[in-house]
Structure formats: C-alpha cells, structure tokens
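To find a chain, count down the sequence lines: A is the first, B the second, and so on, and within it residues start at 1.
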2 protein chains.
Amino acid sequence: MTVARIADLAGVSAPTVSKVINGHAGVAVDTRRRIEDLIREHGYQRADRTPPASIIEVVFQALDSPWALDIIRGVEQVARGHDLAVALTEMQGHLTPGRGWSDQVLGRRPVGVIAVSAELTRRQLAHLSTAGIPLVVLDPSGEPQHQTPSVGAMNWNGGLTATRHLLSLGHRRIAMINGPDRYLCCRARLDGYRAAMDAAGVPVAPELLRTAPLYVEGGRAAAAELLDLPDPPTAVFTGNDLQAIGVYTAARDARMRVPEDLSVVGFDDLTFVQWSHPPLTTIRQPLTDMGATAAQLVMTLASGAYPDHTRIELPTALVERHSTAAPRQAGKPARVSRGQPAGG
Amino acid sequence: MTVARIADLAGVSAPTVSKVINGHAGVAVDTRRRIEDLIREHGYQRADRTPPASIIEVVFQALDSPWALDIIRGVEQVARGHDLAVALTEMQGHLTPGRGWSDQVLGRRPVGVIAVSAELTRRQLAHLSTAGIPLVVLDPSGEPQHQTPSVGAMNWNGGLTATRHLLSLGHRRIAMINGPDRYLCCRARLDGYRAAMDAAGVPVAPELLRTAPLYVEGGRAAAAELLDLPDPPTAVFTGNDLQAIGVYTAARDARMRVPEDLSVVGFDDLTFVQWSHPPLTTIRQPLTDMGATAAQLVMTLASGAYPDHTRIELPTALVERHSTAAPRQAGKPARVSRGQPAGG
DNA sequence: CTGAAAGCGCTTACAG
DNA sequence: CTGAAAGCGCTTACAG
C-alpha cells in the first residue's frame with residue numbers, strides 16, 4: 001500500500017492522501033473520512049519506515065540467576081533460526097514493567113514479546129495488542145491473564161514427585177521452603193507437596209512450611225530456623241536450587257551433614273548443582289525448552305496463524321543425585337541412598 | 001548530510017555513494033575507502049530512516065556459560081539507564097559472525113555494538129563504521145583490531161598472581177591448563193604464569209602445559225592426563241573456572257583430594273564456584289563491570305564524544321577459598337591453607 | 001478544498 | 001568501475 005494506491009482507491013490525488021496521513025489541514029471532512037477508512041482497511045505503512053526490527057523482546061523480573069540464561073538460550077535458538085536477535089529488558093525485581101516500558105517496546109518494533117514471570121497491566125496489554133505485537137507469558141507468576149498465551153512447567157507434578165521421593169526414603173518430617181506466594185508456580189509446587197503428603201497419610205506440620213525469597217540467602221535463613229526447631233525436619237524440599245544451596249550452608253553451620261543428617265531436594269536443575277557438594281537431587285525444569293517453546297509460540301502468533309495450544313506445560317522430572325538418603329534412625333547410622341562416600 | 005552531499009565531497013555520483021552505504025559490490029577499493037572516510041567524518045544518516053532503535057547489540061561466541069550472564073548484567077545496567085534494551089546474538093562458537101550478520105545488525109539499527117571475544121572481518125567493521133554504529137570489543141580474543149576500542153581484564157596480572165599464590169604455598173610442579181592459543185586473554189594468563197615461575201627461578205616443565213577447551217570436560221581430560229604423568233603436578237592453574245571444576249572431577253576419579261593432594265586455582269570467579277566442593281580459589285575477573293564499562297564506552301562513542309581511553313583494562317584479584325594448600329611432603333600429612341575441614 | 005507540477009532523497013537498471 | 005537517466009514514494013508550494 002502506497003500513498004498513490006490509496007489515492008486511486010479514494011479517487012483523489014496523492015497530495016490529498018499525504019495531508020490526511022500527516023494530519024495537515026485543508027482536506028474536506030468527507031474526503032478525510034473516506035481516506036481514513038481506506039487506510040484502516042488496507043493497513044497503510046510508510047514505504048521508507050523500517051519494518052519490524054528483527055528482534056524478539058524478552059522481559060525478565062531479574063537477570064540475577066543462571067535460571068535466566070537457560071531461558072535466554074532457548075529463545076535465542078529459535079530466534080537465530082529466523083535471523084532474529086533477543087532483546088532483553090529487566091524490571092529490577094518488579095512484577096510489572098514500569099510506566100514507560102510499553103512505549104519503549106513499541107519504539108523497538110519487535111516481532112513479539114515474551115514476559116518471564118511478569119504481569120502486564122491492562123493498559124500495557126492493550127498497547128501491544130493494538131500495535132499488533134504478540135505476547136507470550138513464560139512461567140506465569142499470577143492469575144493467568146485474559147487470553148494471553150503462556151508456557152510453563154508441570155510444577156504441581158514436580159512438587160508431588162519430590163515429596164514422594166523423600167517419603168519413599170522413609171522421611172516423615174519433610175519441610176518445604178517455598179518461594180513467595182504470589183508466584184503461581186510456587187503455589188503449584190506446594191500443592192503437589194501437600195498432595196503427596198496427604199496421599200501418604202502424613203500430616204503436614206505447619207511449622208515446617210516456610211516462605212523465603214528464591215535466593216541462596218532466603219534458603220539459608222529459612223533452613224536455619226527449621227533446624228533450630230525442637231523437632232527439626234529430616235528432609236527439606238525447596239522452591240528452587242538456589243534455596244537448596246542455602247539449605248546446605250545452614251546445615252553446615254548447624255554441623256549437620258547432607259544427606260546423612262538432612263536430605264535436600266531442589267527445583268530447576270541449574271547446571272552447576274551437579275558440582276555442588278553433595279551433588280544436588282532436584283526436580284528438573286526444562287528451562288531452555290520452555291524458552292524455545294515460548295519463542296516458537298511468538299513466531300506462530302506473529303505469522304498470523306492461530307496456534308494449536310495457547311497454554312503449554314512442559315514436563316518436570318526428578319534428577320537423583322546425592323543429597324537425599326533415608327532418615328537417620330535414633331541410635332542408628334544413616335544409610336546413604338546412592339554410593340557416594342561422605343566428603344567425596 | 002545527504003547522499004548527494006557526500007557524493008559532491010568525494011567527487012563521485014550519488015549512485016556510487018549509495019552503493020557504498022548499502023554494502024553493494026561494484027565500487028573500487030579506493031573510492032569505497034574515500035567515501036567511507038567522509039561518511040565517518042561527517043556522520044551520515046539516511047534522511048527517511050527512523051532514528052536508531054533503542055537497543056545495544058551484544059554478540060557472543062556462545063551463550064553457554066554463566067560467564068555470559070555476568071557480562072549481560074553489566075551491559076543491561078547501563079542500557080537501562082538510557083532506556084535501552086540489550087539485543088543478544090550468538091555465533092554458535094564461531095570467532096567471527098557469519099555473512100549476513102552485519103546486514104541484520106544494520107537492519108536493527110542499534111545505538112552501538114559490543115562484540116564479546118569476537119573478531120569481525122574488515123568488511124563487517126566497515127559496514128558498522130559507515131552506518132555510524134560504534135563498536136566496542138570486550139575481552140578481545142586475538143589481534144587488537146585497528147582502532148577498535150576495547151575493554152578487557154588484567155589477564156597477565158591474574159596469571160602472575162595465581163601462580164605466585166601457588167609458589168608461596170611451596171608448590172614447584174605447577175601445571176597450567178589453558179584455553180585455546182587463539183585467545184589473547186589466554187595467552188596473557190600463560191605469560192603471567194611464566195613470569196611468576198621465572199621470577200621464582202622455577203623451571204616450567206613443558207609436559208605440565210596443556211591446552212583444552214574452556215569447559216568442564218576440557219579441564220577434566222587435561223587434568224586426567226596430567227595426573228597420570230610419572231611425576232604429576234601438585235597444583236594446577238586453569239584458564240577458567242569451568243576447567244577448574246573439571247580438574248576436581250579428574251582428581252576425584254584419580255582418588256586424589258583437593259587441596260590435600262592437589263591444589264587448584266581457577267579464573268573468572270563465577271558465582272557458583274563458592275558452592276563447589278571445596279570452594280574454589282580463583283582469580284576474579286570483574287565481568288559485570290567489564291560489561292558495564294563496554295556499554296558506557298559505546299554510549300560515549302554514540303554521543304559523538306571522543307572517549308578518554310579506547311583501551312580499558314579492569315583489575316583482576318585473587319579470591320582465596322579452600323582449593324589450595326601446601327603440597328604434601330613425602331611421608332608428611334598435608335597442611336591445609338585455610339581452616340576448612342576436609343569433607344565439609 | 002483540490003491537484004498538477006516541482007522537488008527531495010534515495011535506488012535501480014543499464015550503457016559505456 | 002562509474003554515472004546519466006529513470007523511477008519510487010513521498011511532500012511542498014501554489015494555482016485554480
């Protein structure tokens with residue numbers, strides 16, 4: 001669509017169309033309206049305006065965990081296949097991007113946007129939608145937003161599997177240190193934990209349920225409190241791997257050994273936890289796949305096609321390493337679950 | 001500045017200038033260079049083009065290490081201050097971006113480009129330069145390119161400090177597992193190692209010098225060979241932290257304890273190495289600062305100002321943790337350098 | 001209020 | 001390898 005073509009359709013000359021487009025005076029109301037209608041209908045774009053920039057925009061709450069890089073890698077793999085770059089912005093820990101955010105994004109003209117654990121305001125959603133920029137939410141943090149496509153992991157199943165694993169080793173006093181309640185994924189993991197405990201007929205002691213920031217220090221502080229209890233837990237399931245590493249620290253401070261004195265199960269399976277001491281048993285979340293899936297969904301939406309599914313959940317799985325063992329029985333030495341020597 | 005004006009100054013026609021700007025063939029080398037110089041000098045901008053998109057472009061060889069995220073975080077901090085996003089591309093391990101890369105970047109119109117451990121072709125440099133897009137090289141991998149501003153770390157000093165630390169503990173048979181020779185930063189670390197050894201009057205045994213990919217498996221394989229030597233080293237200094245983790249694995253496989261039987265010093269200080277077992281003694285490289293500094297340099301160049309320095313080196317520092325100790329003397333038990341119990 | 005004409009900045013196709 | 005000519009998409013200045 002060019003100015004000349006619109007002019008033809010409207011039965012006027014190019015300069016007249018030009019005036020309408022640029023909001024200049026000197027066009028009859030009727031003529032103006034007719035031209036505006038045609039433009040809306042045919043979707044005029046200035047020829048010399050650059051087309052959508054070849055980027056996929058990804059918004060993170062924070063870029064402070066290897067967690068983010070795993071997701072980025074997945075997005076990048078798909079983006080690369082379409083000759084697209086991945087544009088990153090960070091919200092400094094906020095759940096919702098700031099005021100100017102959507103203007104900045106529109107200015108960049110990305111092919112689409114992936115919001116990681118973020119919640120957009122209704123206004124921000126509207127901005128993207130009128131600009132024709134598709135949005136996908138990754139690991140949705142709160143209420144699924146009206147019609148927004150999303151990609152997540154099977155968090156409830158992960159919580160169930162982790163807890164069952166600990167129960168099967170003989171644990172009964174199993175604590176859970178979880179992330180903040182406002183994250184849906186954390187809620188789901190807790191519910192999975194409860195479901196496993198209920199199914200095994202083991203009551204959940206309220207003092208064994210803690211909430212802490214999803215970082216090492218959060219896990220350490222919560223675990224320190226737990227281990228200080230009159231009847232401390234024999235096992236801890238955490239909201240993510242960083243918290244699990246914090247539990248290690250707290251255990252060491254309390255002169256307890258993992259897994260002999262305390263079993264620990266994390267969540268995520270960040271690359272480095274296989275090198276921690278002991279190697280961490282955790283629930284694997286396919287972060288790179290999740291990033292790739294979200295990017296694919298964005299590309300599908302951008303192409304105008306309607307995707308088969310707008311809510312995708314990828315599977316989680318237990319990765320058994322060496323941080324879990326049967327609970328130490330009074331007077332008996334601990335039986336380690338796998339063949340790893342203490343102090344390896 | 002218009003195409004016609006540049007053409008006048010260069011004493012050529014507009015179409016010729018147009019070809020240079022768009023990177024088309026069919027212009028004599030001399031003519032091209034003359035036009036490029038004029039464009040650089042006068043700062044041409046296409047009249048009908050939208051202004052630069054609000055992004056800083058960062059090209060990585062690979063996005064497969066937390067190393068990358070530390071740099072990204074620094075770039076993002078500065079970018080955020082200017083309401084800019086960080087656009088990421090990855091070269092799948094190649095040293096030089098592919099053919100279409102500069103066209104893609106020009107299409108994105110970033111405020112500037114940061115190339116991490118990458119080498120651009122002369123053609124790619126010219127493309128960016130004629131488009132008026134400033135370039136900064138981070139952690140330059142090879143020959144410093146003509147006039148390209150760069151940001152790095154004091155790698156030579158780091159190598160010196162690491163080796164001195166091991167020498168001061170009493171080690172003499174100190175191996176170095178280094179990254180590929182083609183990286184300048186690796187060369188500098190090796191030279192620092194040599195300098196420390198020479199200064200201490202300790203000859204460098206050629207069989208203790210190894211080159212391996214900068215990943216865990218590279219470090220493991222090289223260390224396995226070293227430990228299999230008739231006269232194995234008592235200490236290993238590695239090209240990066242991932243290799244150091246690989247050395248841990250090889251030591252475990254050879255039933256040797258770190259640091260009692262083998263001291264290890266890494267390079268980078270990735271966040272997680274404090275949680276490895278034992279916590280890794282390493283040379284800290286200020287990756288986030290380096291990213292931020294590179295971004296600042298890009299912003300300065302983009303503003304048209306001439307920066308004070310176009311070659312910036314940030315300091316490295318020894319971070320002592322628990323992976324080094326005095327060498328075990330024949331018949332004597334090892335003396336651990338810090339108060340960490342074995343098997344903590 | 002409208003549009004023919006001129007002009008702008010750029011690119012393309014092609015003759016030399 | 002170079003540039004005159006034609007053309008594209010758009011806007012401006014102005015005659016009617």
Given C:dT2, is OP1 or OP2 found less than 4.0 Å from the side-chain N or O atoms of A:Thr16? no
Indicate whether the side chain of B:Tyr215 and that of B:Asp64 have a donor and an acceptor atom separated by less than 3.5 Å. yes
Among C:dC1, D:dG9, C:dT11, the nucleotide that comes nearest once only the side chain of A:Thr31 is considered: C:dC1
Proximal nucleotide (of D:dG9, D:dC1, D:dT11) relative to the A:Thr2 side chain: D:dG9
Could you tell me how far apart B:Arg5 (CZ) and C:dG9 (C1') are, to the nearest whole angstrom? 12 Å
Atom-to-atom span, CZ of B:Arg34 to C1' of D:dC1 - whole angstrom: 12 Å
Would you call A:Glu313 and A:Arg311 a salt bridge, using N to O less than 4.0 angstrom? yes
Could you state the atom-to-atom distance from NE2 of B:His24 to P of C:dC10 in whole Å? 15 Å
Could you give the distance separating C:dG7 and C:dG3 at their C1' atoms, to the nearest angstrom? 16 Å
Taking a pair as Watson-Crick or G-U wobble with both distances under 3.5 Å, which nucleotide is matched to D:dA13? none
Return the value, rounded to whole Å, for the distance between atom CD1 of A:Ile6 and atom P of D:dC8. 18 Å
Can you figure out which of C:dT2, C:dC10, D:dG3 approaches the side chain of A:Val27 most closely? C:dT2
Nucleotide of D:dG3, C:dG3, D:dC1 approaching B:Ala28 most closely (side-chain heavy atoms): D:dC1
Please check this pair: side chain of A:Thr300 against backbone of A:Gln296, looking for a donor-acceptor N/O pair closer than 3.5 Å. yes
So does B:Arg73 pair up with B:Asp70, basic N to acidic O under 4.0 Å? yes
What's the CZ-C1' distance between A:Arg32 and C:dC1, to the nearest Å? 11 Å
Taking NZ from A:Lys19 and P from C:dT2, how many angstroms apart are they, rounded to a whole number? 8 Å
Salt bridge A:Arg34-A:Asp30, side-chain N to carboxylate O under 4.0 Å: no
Using the side-chain heavy atoms of A:Val12, tell me which of these nucleotides is nearest: D:dA4, C:dG3, C:dC10. C:dG3
To the nearest Å, give me how far apart CG (A:Asp8) and P (C:dT2) are. 16 Å
So does B:Ser18 get a side-chain nitrogen or oxygen closer than 4.0 Å to the phosphate oxygens (OP1/OP2) of C:dT11? yes
Write down the partner of C:dA4 under the Watson-Crick or G-U wobble criteria, each distance required to be under 3.5 Å. none
